[in-house]
Amino acid sequence: MASIPRHRYTAALANEIETRWQDRWEERRTFEAPNPSGPLADPARIAGREQLFILDMFPYPSGAGLHVGHPLGYIGTDVYGRYQRATGHNVLHALGYDAFGLPAEQHAIATGVHPRVNTEANIATMRRQLRRLGLAHDARRSISTTDESYYRWTQWIFLRIFDAWYDEDRRRARPIRELVDEWAAGTRPTGGAPWAELSHAERTRLVNSRRLAYLADAPVNWCPGLGTILANEEVTAEGRSDIGNYPVFTRTMRQWTLRITAYADRLLEDLDRLDWPESIKLMQRNWIGRSHGARVRFDSAAGPIEVFTTRPDTLFGATFMVLSPEHPLVDALTAPARRAEVEAYRARAGAATDAERASADRPKTGVPLGATATNPVTGAAIPVWIADYVLMGYGTGAIMAVPSGDQRDFDFARAHGLPIVATQMPPDAWFAAHGLAPTLDCAAWPAAFVGDGTYVQSRNDSLVLDGLASIDEAGARATAWLEARGLGRAATTYKLRDWLFSRQRYWGEPFPIVFGDDGEPLAVPDETLPVRLPELSDFTPQALAPDDERSEPAPPLSRVADWVGVELEVDDPITGERRPRARYRREVNVMPQWAGSCWYELRYLDPTNASRFVDADVERYWMGPRAPGHTGGVALYVGGVEHAVLHLLYARFWHKVLHDLGHVSSEEPFHRLFNQGYIQAHAYRDPRGQPVPAAEVVERDGAYEWRGEPVTREYGKMGKSLKNVVTPDEMYEEFGADTFRLYEMSMGPLDQSRAWNTRDVVGMQRFLQRVWRNVVDEDSGEVTVADAPAPDDLRRALHRTIAGVRDDMEGLRFNTAIAKLIELNNALTLHVGDRGDADASGAARGGAPREVVLPLVQMLAPLCPHVACELWERLGRTDDLTYAPFPVADPAWVASDTVEVPVQVNGKVRSRVVAPAGATDDALRDLALADERVRAALQGAAPRKVIVVPGRLVNLVV
RNA sequence: GCCCGAGUGGCGAAACGGCAGACGCGACGGACUCAAAAUCCGUUGUCCGCGAGGGCAUGUGGGUUCGAUUCCCACCUCGGGCACCA
């Protein structure tokens with residue numbers, strides 16, 4: 001041990017430096033970002049600096065603690081933020097905690113510790129672990145969604161949504177009072193009986209039915225295993241809960257629902273204005289699932305049946321109809337002779353879980369109702385069936401079946417012997433691909449034909465599609481024909497459903513809603529917020545068997561009688577006047593996990609504001625639109641891809657409501673989104689399949705062993721159960737935070753997933769040791785830099801590095817920025833000479849030039865700030881490195897006077913020539929032709945063609 | 001099934017259509033050490049050759065181009081999303 005030089009940059013020294021600088025940053029409040037006004041204002045520090053709001057998806061405070069994968073994105077934003085501070089920006093960067101919701105509550109139930117106790121302990125642990133990472137966060141702005149001072153405003157925003165309706169004409173939300181006023185004034189039809197003829201109760205129900213937050217009896221995802229309903233987005237394709245993997249059943253219940261579908265078009269169209277990864281935009285587009293087509297009326301004995309179709313052009317091929325088993329007209333249409341069979345089928349369909357109904361490749365079942373409907377273009381009476389492949393929740397819950405043009409209908413027709421009529425002649429290639437001669441006899445077809453084909457057998461007295469060849473044109477003609485006769489109209493349908501917003505749990509925001517005797521919801525007055533979540537000693541949901549579909553939700557809050565009953569003065573939604581004090585019953589459901597994350601970025605801006613959720617000027621400063629047409633929003637939002645259709649859709653929706661109602665200037669919450677990858681790890685199992693500690697596995701000749709026993713390797717997430725967790729604390733201990741940060745950033749592009757390899761971390765530690773050694777003598781601790789100017793080649797390397805690193809930092813390419821800095825330091829080391837053997841010899845060579853060392857340290861600062869600050873100070877700088885202007889490349893030194901140009905013969909590199917920078921094409925060609933090796937390669941032949949890329953390459957084509 | 005994305009040394013990865021493999025790990029050789037660790041220096045895609053040098057190489061097969069890891073088409077493999085959405 002004595003042989004290690006006293007002043008070597010070891011983990012111990014790194015730890016000492018890091019904790020010292022972390023304390024100093026905190027004392028000096030280095031990372032506090034000033035607001036333009038309000039309690040966090042500091043106009044002097046804002047002047048001349050452009051604002052920049054960068055954001056991480058905030059974590060939920062897990063009891064499991066952090067592993068090395070968690071901070072990847074946080075380090076990325078920290079590096080970017082520190083770089084932007086050095087380029088003169090006023091950077092807002094903070095981190096809060098998403099602490100309400102099912103994960104925290106499930107954990108609390110498992111451990112028997114109250115979620116608040118748990119949550120607070122976990123937040124404290126995470127704060128400590130993250131502080132040790134040296135993140136440049138403004139600590140004043142950290143919030144937890146469970147703080148009363150926070151969820152008070154979550155409730156307040158909910159009330160704004162409750163008190164709003166969507167005006168389709170103006171394409172925006174408006175206060176519900178304006179709707180009441182327009183109805184009362186008679187300027188807007190109610191869609192039913194005139195306002196004046198309605199009773200107060202009827203008016204209340206009408207108004208409530210139009211709110212953006214409404215109670216509705218609707219099919220919901222009931223999950224007895226969790227004791228709550230779930231949003232569609234929280235249910236997996238297998239029909240199980242995202243959390244806990246319990247069965248989910250479809251049940252009709254009266255639940256809070258948010259009218260996100262009103263925003264479907266804007267959520268879809270505004271994606272085009274966002275700087276987001278295309279893949280995420282695509283996922284949101286698919287989730288919203290807008291389809292254009294037509295609604296068409298088919299008359300039946302029980303009244304008109306309306307269908308939605310994207311292919312009105314194929315109406316002539318509609319040979320039967322299929323209704324969803326839950327369709328309201330099924331009863332009326334069912335012939336007495338068919339009733340028993342229909343009822344049996346409906347019962348079976350109802351009992352099937354979503355999982356069973358979801359698999360697309362199972363046989364198409366269904367039963368006929370014994371009724372017919374009239375095809376509006378052919379006048380034919382076609383049979384009506386029910387089948388579970390038609391879903392009540394999409395379109396109208398009924399379809400016209402065109403077996404020749406839709407594979408599902410084709411399968412169904414084949415299974416049940418229903419007629420198939422072609423309306424298009426498929427192209428010859430289609431038949432050829434199926435090994436078939438062209439024919440209109442669909443009995444010979446192996447599948448439905450979907451695509452452009454010439455229309456046939458598609459005409460009646462007044463509508464002729466025959467001879468057309470385009471789906472769009474034929475569809476437009478058919479739709480126009482239907483519209484002219486009142487039989488249908490162009491229509492748009494979405495996959496997106498309204499957002500089921502209540503949970504029968506304890507650990508969430510209580511609704512700021514009470515009920516009177518009529519059972520209609522009423523908003524509690526704003527000034528009574530927050531509606532506090534009562535402290536319960538028994539917070540567990542009632543134990544329900546996960547498979548018991550018939551169980552009933554029992555929200556824990558319903559057990560708190562003195563909380564549920566409340567005496568209040570509330571405003572009458574119809575008159576707008578305050579009612580006399582009376583007794584009400586509180587809503588006992590709570591909001592879902594996603595509520596708090598729908599607006600948290602706004603609270604970072606103004607965390608202490610007691611009179612508004614965020615000050616308008618402060619919001620405009622940080623998030624306002626940057627130019628006409630700009631959506632505004634966070635400048636850079638970094639997080640995992642798993643929230644593509646959950647948090648990211650919900651937050652956009654809330655933000656748009658707030659924008660419509662004039663509460664925020666930005667139209668979108670997150671202007672630029674970046675998805676960081678995941679850090680994964682190898683895990684190892686012994687021959688019995690038991691995971692063994694990954695850290696103790698050794699590799700021998702390409703195989704893996706643990707305690708002499710062969711083990712198998714797999715790859716996946718880090719987790720306790722796989723015994724492959726590596727924690728940041730271990731990395732701090734073994735290498736220091738700077739090395740850890742550098743390693744994570746050097747592993748590859750930030751948006752790519754990669755495998756953790758503790759073995760590789762040492763590379764970055766060696767790099768920092770070499771940098772350190774170029775500045776500080778390892779034995780004496782003396783700073784050894786020289787004031788003499790750097791030689792030209794070193795200076796050139798410096799300026800090229802500066803230009804490259806700036807580029808990489810802007811583009812979040814930290815891995816290549818680090819590679820460039822290592823190269824520069826290697827060049828510097830070469831210049832200083834091998835100092836491994838002597839102290840005097842290094843000094844004799846004059847040490848590393850200060851003009852290179854200082855910018856190198858500055859460029860390192862965003863990546864490994866502690867050691868950079870330490871070196872900066874040891875180099876005699878007394879100014880704050882965090883705000884020292886980032887080095888600027890001198891173009892004169894980025895270019896060099898000579899360039900080495902590769903010479904190709906027929907596209908293969910045969911030689912290189914050195915030419916002056918800016919040499920003409922002719923000069924380059926002559927140099928190339930004069931080259932010995934080129935002449936050998938040409939073997940006396942004269943090039944037929946010469947391609948010269950100035951400064952880059954010569955290619956001689958023989 | 002449909003829709004995205006990705007395939008480059010032993011490993012993580014670089015490369016505005018222009019020198020494939022920067023940078024790091026590992027491995028091998030050396031220095032220092034009684035020794036080991038740590039650190040430092042050198043070599044390291046692959047094949048042929050003593051060498052100078054040359055051949056082959058970016059999942060596979062085609063194409064565009066003077067020139068393709070990069071652009072286009074088809075296929076294979078892996079990863080992700082959606083999944084009876086009419």
Side-chain angles (χ1 to χ4, degrees), chain A residues 1 3-5 8 10 237-238 277-283 285-287 289-291 293 307-311 314 322 324 357-362 364 387-391 393-402 405-409 411-412 493-496 641-642 644-645 699 702 742-743 746-749 752-757 759-767 769-770 773 778 813 815-823 826 829 834-837 900-912 933 936 943-949 951-958:
Chain A
M1 289 311 268
S3 62
I4 293 177
R8 172 165 294 175
T10 58
E238 290 76 39
E278 272 309 314
S279 58
I280 301 288
K281 289 188 183 183
L282 199 66
M283 283 163 70
R285 285 190 191 110
N286 289 341
W287 192 263
R290 181 165 75 182
S291 305
V307 304
F308 172 74
T309 178
T310 55
R311 295 292 301 278
T314 61
V322 186
S324 163
R357 282 185 69 161
S359 63
D361 42 359
R362 70 192 252 272
K364 296 267 179 303
D388 63 6
Y389 81 93
V390 175
L391 310 174
Y394 182 78
T396 62
I399 62 161
M400 64 178 211
V402 183
D406 181 284
Q407 189 57 43
R408 295 155 304 193
D409 298 344
D411 293 342
F412 192 82
T493 294
Y494 305 85
K495 283 198 232 174
L496 184 72
V641 72
E642 73 272 20
V645 289
E699 186 183 352
L742 217 42
Y743 172 64
S746 73
M747 289 170 82
Q752 197 171 303
S753 291
R754 62 301 288 283
W756 177 266
N757 239 324
R759 189 178 73 176
D760 294 353
V761 182
V762 71
M764 289 302 119
Q765 187 179 40
R766 287 182 195 146
F767 165 50
Q769 284 179 340
R770 290 197 298 270
R773 196 156 42 232
E778 285 192 337
R813 292 184 300 271
N815 55 327
T816 49
I818 291 168
K820 290 178 175 86
L821 291 167
I822 293 173
E823 281 186 89
N826 287 348
T829 307
D834 178 12
R835 303 173 44 156
D837 57 340
E900 197 187 60
V901 179
V903 182
Q904 297 180 338
V905 176
N906 288 334
K908 280 190 185 296
V909 177
R910 293 298 172 181
S911 185
R912 297 161 229 286
R933 289 151 56 136
R944 202 158 41 80
K945 191 170 177 185
V946 180
I947 289 119
V948 179
V949 185
R952 296 208 70 113
L953 164 130
V954 179
N955 189 12
L956 306 169
V957 185
V958 198

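So that the names make sense, note that chain A is the first sequence line, chain B the second, and so on, each numbered from 1.
Applying the 4.0 Å criterion to OP1 and OP2 of B/A86, one finds that A/Ser291 has a side-chain N or O inside that range. Under 4.0 angstrom from either OP1 or OP2 of B/A13 there lies no side-chain N or O belonging to A/Arg754.
Nearest-nucleotide positions on RNA chain B for A/Arg759 and A/Pro749 put A/Pro749 closer to the 5' end.
In this structure, A/Thr493 reaches neither bases nor backbone, as no heavy-atom distance under 4.0 Å exists between it and the strands shown.
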Protein and nucleotides 18-20 of chain B: nitrogen or oxygen contacts under 3.5 angstrom:
from: B/G18; atom 1: N2; to: A/Gln904; atom 2: OE1; distance (Å): 3.3
from: B/G18; atom 1: N2; to: A/Asn955; atom 2: ND2; distance (Å): 3.4
from: B/C19; atom 1: O2; to: A/Arg912; atom 2: NH1; distance (Å): 2.0

Distances for protein N or O near nucleotides 47-54 of chain B N or O, under 3.5 Å:
from: B/G53; atom 1: OP1; to: A/Arg933; atom 2: NH1; distance (Å): 3.4

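Checking B/A38, B/A13, B/G81 against the side-chain heavy atoms of A/Met283 singles out B/G81 as nearest. The side chain of A/Trp287 sits closest to B/C82 out of B/G26, B/A86, B/C82. With distances taken from any side-chain atom of A/Arg770 to the nucleotides B/C40, B/C11, B/A14, the minimum falls on B/C40. Of the listed nucleotides (B/U39, B/A86, B/A14), B/A86 has the atom at the smallest distance from the side chain of A/Thr310. Closest approach to the A/Thr829 side chain among B/A14, B/C41, B/A83 is made by B/C41 (side chain taken as heavy atoms from C-beta onward). Comparing atom distances between the A/Leu282 side chain and each of B/C25, B/A13, B/C3 picks out B/C3 as nearest. Closest to the side chain of A/Ile822, out of B/G81, B/A86, B/C23, is B/C23.
On the C1' atoms, B/U8 is 15 Å away from B/U60, given to the nearest whole Å.
Remark: side-chain polar atoms of A/Asn757 are not paired, donor with acceptor, to backbone N or O of A/Asp760 under 3.5 angstrom.
Geometrically, A/Lys364 does not engage A/Phe412 in a cation-pi contact defined by less than 6.0 Å to the ring centre and at most 45° from the axis.
Taking 90° from 0 as the syn/anti boundary, the base of B/G5 is oriented anti.
Stem analysis of RNA chain B (at least three stacked-register Watson-Crick or G-U pairs, each with both distances under 3.5 Å) gives B:1-7 with B:76-82, B:10-12 with B:23-25, B:26-31 with B:39-44, B:45-48 with B:53-56, B:59-63 with B:71-75.
The base of B/C84 sits within donor-acceptor range of the side chain of A/Lys364, with an N or O pair under 3.5 Å.
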